[in-house]
Number of protein chains: 2
Amino acid sequence: MKAMSLIAAACVLAFAAPVQAADKPEDLIKARQAGYQFMAWNMGRIKANTEPGAQFNKEEVIKAANAIQAIANSGMGQLYARGTETGKGYAETRAKPEAFMAEHQAKLGKVATDFNREANAMAAVAAGGDAAAVKAQFAKLGGTCKACHDDFRKK
Amino acid sequence: MKAMSLIAAACVLAFAAPVQAADKPEDLIKARQAGYQFMAWNMGRIKANTEPGAQFNKEEVIKAANAIQAIANSGMGQLYARGTETGKGYAETRAKPEAFMAEHQAKLGKVATDFNREANAMAAVAAGGDAAAVKAQFAKLGGTCKACHDDFRKK
């Protein structure tokens with residue numbers, strides 16, 4: 001769930017985005033791992049609120065969805081600059097080589113666009129406060145995470 | 001900059017917040033470290049846009065400020081549940097024992113409130129697109145980070 005959806009957006013931008021001169025590859029990898037990890041925590045919070053028997057906490061879900069949305073839209077593509085194809089942030093990157101290959105950028109662009117669209121929808125649905133709708137949108141969002149993991153993240 | 005401001009909000013809520021049964025202390029510590037790390041990356045992006053000679057990129061600053069705002073408002077207090085006073089996420093927690101002590105909660109609550117207010121203001125100022133105003137608000141926001149670090153984060 002947590003990691004590869006944004007590699008898509010990432011890679012689309014990776015070779016064009018300006019990178020701060022001081023950014024070391026390990027810092028960029030660490031930042032992207034942190035972003036995915038924090039989104040994963042928030043995905044877990046939404047999931048916990050929609051499971052059978054759970055008491056749905058609207059405010060909790062809104063906070064989690066807003067965090068995912070803002071991170072998804074933050075421009076993580078910059079974190080996939082040249083030099084970050086391999087290396088260690090908190091741990092070795094799990095990005096597959098394909099994520100950095102020109103011939104895979106169209107597919108990557110699609111999964112990235114899908115993810116961002118569903119993350120924005122997740123925040124909108126959360127604001128509505130309907131538990132069933134949140135559960136349905138959570139599944140759609142999770143599907144876009146998985147789509148990227150399947151093709152662009154190592155197991 | 002990155003870490004302790006939210007310990008404030010954190011600790012205010014720490015002993016009341018419901019925690020998912022499956023949440024292990026190391027996962028909670030990892031999630032809070034990830035949140036701070038991702039905010040730190042975004043603080044760096046804003047800073048880079050306001051330094052002498054930098055070309056101010058309004059959209060870049062908005063994305064960064066929105067991410068900081070959403071993470072600040074995400075309810076990280078839950079990540080400071082009992083059992084997370086010590087321990088390792090990505091690394092040993094740098095939270096000081098004071099962050100978990102009843103007699104320091106009022107002070108912690110103030111620095112947390114200050115941080116959240118300035119993070120919200122940062123997003124609003126970023127949306128305005130005025131480089132000088134962004135620079136000034138960035139300094140105010142950074143000051144609230146430091147206030148918490150000084151008292152509640154180990155060096």
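Owing to the predicted nature of the structure, the values given are computational and were not obtained by experimental measurement. Quick note on labels: first sequence line is chain A, next is B, and so on, each numbered from 1.
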Where is the tightest heavy-atom contact between Ala70(B) and Ala70(A), given as atom of each residue plus distance? CB-CB, 3.5 Å
Determine whether the aromatic ring centres of residues Tyr90(B) and Tyr90(A) are separated by less than 6.0 angstrom. yes
Any heavy-atom pair between the side chains of Phe38(A) and Met76(B) that's under 4.5 Å? yes
Among Asn66(A), Asn42(A), Ile71(A), side-chain contact (heavy atoms from CB on, under 4.5 Å) partner for Ile71(B): Ile71(A)
Please determine, by modelled atom types, if Gln37(B) and Gln37(A) share a side-chain donor-acceptor pair under 3.5 angstrom. no
Kindly check if the number of other-residue, nucleotide or ligand heavy atoms within 6.0 Å of CD (Gln55(B)) is above 12? no
Ile62(B) and Leu79(A): same hydrophobic cluster, using ILVMFWY side-chain contacts below 4.5 Å? no
Are any non-hydrogen side-chain atoms of Asp27(B) and Trp41(A) less than 4.5 angstrom apart? no
Determine, using the 4.5 Å side-chain heavy-atom cutoff (strictly less than), whether Met39(B) and Ile29(A) are members of one ILVMFWY cluster. no
